[in-house]
Protein chains: 2
Amino acid sequence: MTATSTRQRLLDAALVVVAREGIAGTSARVIAAEADVNQALVFYHHGSVDELLATASRDVSARRAARYTDALQDITSFTALTAVARRLHDEEQGSVDRLVLTQLLAGARTRPLIAAALRANMALLVAPVEATLARLVAGTALEEVLPVPELARTVAAGFLGLELLDGVVTDIEAAPFPALEAIAGVVDLALQAGTIETAVLRRRLRRANAEVASDAEPG
Amino acid sequence: MTATSTRQRLLDAALVVVAREGIAGTSARVIAAEADVNQALVFYHHGSVDELLATASRDVSARRAARYTDALQDITSFTALTAVARRLHDEEQGSVDRLVLTQLLAGARTRPLIAAALRANMALLVAPVEATLARLVAGTALEEVLPVPELARTVAAGFLGLELLDGVVTDIEAAPFPALEAIAGVVDLALQAGTIETAVLRRRLRRANAEVASDAEPG
DNA sequence: GTCTATACATGGATAGAC
DNA sequence: GTCTATCCATGTATAGAC
């Protein structure tokens with residue numbers, strides 16, 4: 001086994017440093033120290049700190065997307081979807097990958113290279129969620145009222161929100177999942193033919209949707 | 001009218017700078033320049049940059065909580081709740097207050113003073129949401145299966161997730177709300193007596209809940 | 001309360017020897 | 001590919017005059 005290349009050591013170290021020091025505390029010097037290499041090599045191998053972070057971000061998100069795709073492929077109910085969300089969240093507790101994303105999102109607001117990397121990465125992350133949701137609503141009354149691509153982004157964003165707050169507002173840690181699972185239970189029930197007649201649900205959903213639309217443009 | 005005090009000018013400027021430059025680009029010098037006062041006055045009036053940010057954060061969150069409390073007080077359905085979420089989101093488009101929270105959350109990971117301020121602030125933010133949800137489920141079949149305090153934190157966190165991604169992953173901007181409103185419609189329908197008999201829903205929800213619990217501890 | 005001046009640390013990035 | 005040395009900008013914070 002050859003020793004890990006300096007280039008790769010810097011990529012790994014960058015993620016560790018971002019997770020530990022935050023985006024504001026991440027510098028070429030600190031990353032190099034973490035990788036135990038000379039500071040100038042950050043610029044030799046990666047051009048700039050932001051390019052290094054962008055590359056590292058692409059790597060970590062590819063790993064994350066693969067993990068999500070794998071975990072979601074057998075999902076057949078909203079209840080199961082929330083259970084997977086809980087499991088993924090638990091598995092990522094304290095992991096480097098988890099802390100990095102929120103730090104990079106904050107950094108992306110002012111650093112174009114990081115923003116570009118995250119945009120590409122978010123698409124990877126949303127794809128498996130979208131595929132799963134499309135499978136879940138196919139053939140149900142929800143199919144014609146739920147905008148699946150948008151819902152997938154909403155779900156991914158909400159999940160991110162939980163990860164973002166976890167550890168800062170510490171009392172939120174395990175709390176979200178029972179709540180989400182209870183709601184998923186209601187939705188799953190609503191989808192079961194026999195509990196609500198599909199035709200009735202469809203009609204009512206359409207009516208409710210129309211009301212929302214008219215509420216949104218008052219007077 | 002007396003001119004705004006230097007102390008207050010610094011508080012206002014701090015938020016502007018955090019929103020514009022991000023937490024990583026926020027320094028005493030930049031804040032002082034934005035406030036058009038001398039750099040040393042940051043330390044004279046606020047002790048340190050982090051203390052200034054913590055104070056400013058408390059102020060901005062108090063404003064935000066007041067806005068939310070006001071907007072939520074007349075909510076009587078989940079559909080209306082999502083409509084309010086959409087309105088609040090739209091109103092905060094491009095506002096200083098909106099960008100600040102995510103930046104401070106990222107900063108909180110490594111800066112104790114900011115973390116403490118945000119913890120206090122999050123409680124303010126969750127309170128009106130919790131009160132609203134408690135009102136919504138009171139007397140319905142959901143009352144005994146939904147953990148309201150946890151759900152309130154989940155909703156707040158999810159909302160934050162949307163705000164966090166908005167502007168970075170640009171295609172998410174307006175998308176979440178139709179999706180959320182469609183789901184809220186389903187939940188509201190499920191709660192309407194006559195659509196589903198309450199007793200049936202209760203029994204099924206309990207059973208679904210039990211299945212989730214046993215799924216969570218396999219083999 | 002506000003200013004100038006300054007000490008001192010850290011950071012991005014490059015030149016040039018090896 | 002890697003190292004040392006260095007330039008220069010920016011940042012925190014304080015001392016002391018006004």
Side-chain angles (χ1 to χ4, degrees), chain A residues 2-57 103-104 106-117, chain B residues 1-57 103-104 106-115 117:
Chain A
T2 64
T4 322
S5 69
T6 294
R7 195 192 122 87
Q8 184 61 48
R9 289 169 63 82
L10 285 168
L11 288 170
D12 297 340
L15 296 176
V16 172
V17 169
V18 169
R20 194 183 57 219
E21 314 284 347
I23 185 72
T26 297
S27 71
R29 283 176 152 89
V30 177
I31 293 169
E34 176 69 29
D36 207 29
V37 304
N38 189 278
Q39 175 255 147
L41 296 178
V42 168
F43 302 96
Y44 177 78
H45 285 289
H46 295 280
S48 70
V49 172
D50 280 11
E51 282 176 76
L52 168 56
L53 291 178
T55 305
S57 163
Q103 292 297 322
L104 290 182
R109 198 71 67 174
T110 55
R111 293 153 80 166
L113 291 175
I114 297 177
Chain B
M1 223 31 160
T2 64
T4 321
S5 70
T6 294
R7 196 192 119 87
Q8 184 60 47
R9 290 170 61 82
L10 285 168
L11 287 170
D12 296 340
L15 296 176
V16 171
V17 169
V18 168
R20 194 183 57 219
E21 314 284 347
I23 185 72
T26 297
S27 71
R29 284 198 215 277
V30 176
I31 293 169
E34 176 69 29
D36 206 28
V37 304
N38 188 279
Q39 174 256 146
L41 295 178
V42 168
F43 303 95
Y44 177 79
H45 285 289
H46 295 280
S48 69
V49 172
D50 281 11
E51 283 176 76
L52 168 56
L53 291 178
T55 304
S57 163
Q103 292 297 321
L104 290 182
R109 199 70 68 172
T110 55
R111 293 153 81 166
L113 291 175
I114 296 177

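Just so it is clear: chains get the letters A, B, ... in the order the sequence lines come, proteins before strands, and each one is counted from 1. Just the heavy atoms: all of them, side chains too, but no hydrogens, waters or symmetry mates, feed the values below.
- For the segment residues 12-31 of chain A, residues with any heavy atom less than 4.0 angstrom from an atom of DNA chain D are, sorted by number, Arg29(A).
- Note: Leu104(B) CG to Leu53(B) CG = 6.5 Å, rounded to the nearest 0.5 Å.
- Taking OG1 from Thr110(B) and CD from Gln103(A), the interatomic distance works out to 6.5 Å, rounded to the nearest 0.5 Å.
- Bracketed by its first and final contacts, the part of DNA chain D lying under 4.0 Å from non-hydrogen atoms of chain B reaches from dG11(D) to dT14(D) in 5' to 3' order.
- Thr55(B) contributes a side-chain N or O that, together with a main-chain N or O of Glu51(B), makes up a donor-acceptor pair within less than 3.5 Å.
- Pairs of residues two or more places apart, or lying in two chains, never qualify as salt bridge (Lys or Arg N to Asp or Glu O under 4.0 Å) while including a residue from residues 22-32 of chain B.
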Asp12(A)/Arg9(A) under side chain to side chain contact (heavy atoms under 4.5 Å, CB included): CA gap, chis, key distance, verdict: CA-CA 5 Å; Asp12(A) 297 340; Arg9(A) 289 169 63 82; 5.7 Å; no

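- Remark: Asn38(A), Ala40(A), Leu41(A), Tyr44(A), His45(A) in residues 33-56 of chain A come within less than 4.0 Å of DNA chain D through at least one heavy atom.
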Kindly list each side-chain donor-acceptor pair under 3.5 angstrom involving residues 15-28 of chain A, sequence neighbours excluded, with atom names and distances?
from, atom 1, to, atom 2, distance (Å)
Arg20(A), NH1, Glu34(A), OE1, 2.9
Arg20(A), NH2, Glu34(A), OE1, 3.4
Thr26(A), OG1, Gly22(A), O, 2.8
Ser27(A), OG, Val30(A), N, 3.2

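- Between the CG atom in Leu11(A) and the OG atom in Ser57(A) there is a gap of 11.0 Å [rounded to 0.5 Å].
- For the pair Ala106(B) and Ala106(A), the tightest heavy-atom approach, listed with the atom from each and the gap, is CB-CB, 3.3 Å.
- With values rounded to the nearest 0.5 angstrom, Leu10(A) atom CG is found 6.0 Å from Leu52(A) atom CG.
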Which atom pairs, one a donor and one an acceptor, fall under 3.5 Å between side chains of residues 35-47 of chain B and the rest of the protein, sequence neighbours left out?
from, atom 1, to, atom 2, distance (Å)
Asn38(B), OD1, Ala40(B), N, 2.9
His46(B), NE2, Arg7(B), O, 3.3

